[in-house]
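Written out below as structure tokens is the structure these notes cover.
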Amino acid sequence: MTDSQPRLLVVIATYNEIDNLPRLMLRLQEAVPNAQLLIIDDGSPDGTGNWCESSRDKYPQMSVIHRDEKLGLGSAAMEGFRWALTRNFDLIATMDADLSHEPESLAQMVSLMQEPDQAEVGVCIGSRYVMGGGTEGWPWYRQWASRCVNGFARMMLRLPTYDCSGAFRVYRRTAIESIDLSQLKSNDYAYLEEILYRLHQNHVMMKEVPITFRNRDAGKSKTNAWMGLSVFWQILKMGIRG
């Protein structure tokens, strides 16, 4: 990366990802070697945070924020955005820690955001639901639930995107600066729809690129039926207020 290329921060929220994070870090180092990495760990009892501390010499591009308790994906993302803005990063990526998101796809998304004809794009979304995208290893009921959430978000929030609930994104700094982060009300997974809703209200251009979302092969998923219902309820409230 030359001095003229944008500074990239990759924000990764973790909770009990000791089986996945070391592998992810190796692949990120290969795919986006000049990126800075910010791990936000919510007091993982499995030692994820301890591994980060012991690996600082191996990964000098890694910074770590330790939080005392599980505060939610949305609040971790907001903390990561603020951390990036105060340090003048140009691009801010978010991705899961469980290897569901391919670091190689992240490199392609970052490359797209650097193309001159994509300068107006404020957020690039790694999408499961555009042509060429998909999921791998999901049971039918999880696919059905995800499709329902995304269709409901498109309808209620009038979003132009097909994958509204995926965390695999690259934001331009100017896009994040266009919204007031303190006004976002969702601390959990619903922040993913809410931030797109706020960006869309501010006429920020969005672009979806196809990715394959691969189900985790280690560790335990953080999602459950209750979280899904909570996301539906929060989308409904956003749509009614809007």
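In this chain, numbering begins with 1 at the start of the sequence shown. From a predicted model like this one, the values you see are computed outputs, not experimental measurements. Only this structure's heavy atoms are used, side chains among them; waters, hydrogens and symmetry mates stay out.
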Is a side-chain N or O of [X] found less than 3.5 angstrom from the main chain of [Y], in a donor-acceptor match?
{"X": "Ser111", "Y": "Gln108", "value": "no"}
{"X": "Ser146", "Y": "Gln143", "value": "no"}
{"X": "Asp90", "Y": "Pro6", "value": "no"}
{"X": "Glu193", "Y": "Ile235", "value": "no"}
{"X": "Arg198", "Y": "Leu184", "value": "no"}
{"X": "Asp188", "Y": "Leu73", "value": "no"}
{"X": "Ser55", "Y": "Trp51", "value": "yes"}
{"X": "Ser100", "Y": "Arg214", "value": "yes"}
{"X": "Asn20", "Y": "Ala97", "value": "no"}
{"X": "Arg169", "Y": "Gly166", "value": "yes"}

Rounded at 0.5 Å granularity, tell me how far [atom1] in [X] sits from [atom2] in [Y].
{"X": "Met155", "Y": "Asn150", "atom1": "CE", "atom2": "CG", "value": "12.5 Å"}
{"X": "His203", "Y": "Met205", "atom1": "NE2", "atom2": "CE", "value": "12.0 Å"}
{"X": "Leu91", "Y": "Leu9", "atom1": "CG", "atom2": "CG", "value": "10.0 Å"}
{"X": "Met156", "Y": "Ile240", "atom1": "CE", "atom2": "CD1", "value": "5.5 Å"}
{"X": "Asp163", "Y": "Arg128", "atom1": "CG", "atom2": "CZ", "value": "4.0 Å"}
{"X": "Cys124", "Y": "Met113", "atom1": "SG", "atom2": "CE", "value": "6.0 Å"}

Under the ring pair (Phe, Tyr, Trp, His ring centres under 6.0 Å) rule, what pairs show up with a residue in residues 152-174, not counting sequence neighbours?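 Sorted result for residues 152-174: Phe81-Tyr171, His101-Phe168, Phe152-Phe232.
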Can you list every ring pair (Phe, Tyr, Trp, His ring centres under 6.0 Å) pair that touches residues 105-151, not counting sequence neighbours?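 For residues 105-151, and leaving out neighbouring residues, the ring pair (Phe, Tyr, Trp, His ring centres under 6.0 Å) pairs sorted by first residue read Trp138-Phe213.
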Any carboxylate oxygen within less than 4.0 angstrom of a Lys/Arg side-chain nitrogen, looking at Asp42 and Arg67?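 Between Arg67 and Asp42 there is a salt bridge, with a charged N closer than 4.0 Å to a carboxylate O.
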Could you check whether any side-chain heavy atom of [X] comes within less than 4.5 Å of a side-chain heavy atom of [Y], counting everything from C-beta outward?
{"X": "Leu199", "Y": "Ile179", "result": "yes"}
{"X": "Leu181", "Y": "Arg82", "result": "yes"}
{"X": "Trp83", "Y": "Ile65", "result": "yes"}
{"X": "Leu196", "Y": "Ile125", "result": "yes"}
{"X": "Leu28", "Y": "Ile12", "result": "yes"}
{"X": "Leu106", "Y": "Glu102", "result": "no"}
{"X": "His200", "Y": "Leu157", "result": "no"}
{"X": "Val123", "Y": "Ile176", "result": "no"}

For [X] and [Y], does a side-chain donor sit closer than 3.5 Å to a side-chain acceptor?
{"X": "Ser186", "Y": "Glu194", "answer": "yes"}
{"X": "Asn34", "Y": "Gln5", "answer": "no"}
{"X": "Asp41", "Y": "Thr48", "answer": "no"}
{"X": "Ser230", "Y": "Gln234", "answer": "yes"}
{"X": "Ser63", "Y": "Arg87", "answer": "no"}
{"X": "Glu136", "Y": "Thr212", "answer": "no"}

Step by step, work out the side chain to side chain contact (heavy atoms under 4.5 Å, CB included) result for Asn215 and Arg142. CA-CA 11 Å; Asn215 200 27; Arg142 188 173 179 187; 3.0 Å; yes
Give the cluster check for Leu71 versus Val231: same hydrophobic cluster or not, with ILVMFWY residues linked at side-chain heavy-atom distances below 4.5 Å.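 Per the 4.5 Å side-chain linkage, Leu71 and Val231 are not co-clustered.
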Do Ile211 and Met131 land in one hydrophobic cluster if side-chain heavy atoms of ILVMFWY residues count as linked below 4.5 Å?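 In one cluster with Ile211: Met131, no.
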So which heavy atom on [X] is nearest to which on [Y], and how close?
{"X": "Asp96", "Y": "Ala167", "result": "OD1-CB, 3.6 Å"}
{"X": "Leu38", "Y": "Gly80", "result": "CD2-CA, 3.9 Å"}
{"X": "Ser44", "Y": "Tyr15", "result": "OG-CA, 3.1 Å"}
{"X": "Pro210", "Y": "Gly132", "result": "CB-C, 3.4 Å"}
{"X": "Ala175", "Y": "Val204", "result": "CB-CG1, 3.9 Å"}
{"X": "Ala119", "Y": "Arg172", "result": "O-NE, 3.7 Å"}

Evaluate side chain to side chain contact (heavy atoms under 4.5 Å, CB included) for Arg27 paired with Glu104, printing each intermediate quantity in order. CA-CA 8 Å; Arg27 291 178 60 184; Glu104 297 76 17; 2.9 Å; yes
side-chain hydrogen bond (donor to acceptor under 3.5 Å, both in side chains) with [X]: which residues, sequence neighbours excluded?
{"X": "Thr86", "answer": "none"}
{"X": "Glu177", "answer": "Arg173"}
{"X": "Asn202", "answer": "none"}
{"X": "Arg56", "answer": "Glu53"}

So Leu37 and Gln29, side chain to side chain contact (heavy atoms under 4.5 Å, CB included) or not? Walk me through it. CA-CA 10 Å; Leu37 311 173; Gln29 194 173 51; over 6 Å; no
Apply side chain to side chain contact (heavy atoms under 4.5 Å, CB included) to the pair Leu26 and Lys58, showing each step before the final yes or no. CA-CA 10 Å; Leu26 284 172; Lys58 183 176 181 180; 4.1 Å; yes
Enclosure of [X] [atom1] (heavy-atom neighbours >12, cutoff 6.0 Å):
{"X": "Asp68", "atom1": "CG", "value": "no"}
{"X": "Glu115", "atom1": "CD", "value": "yes"}
{"X": "Glu30", "atom1": "CD", "value": "no"}

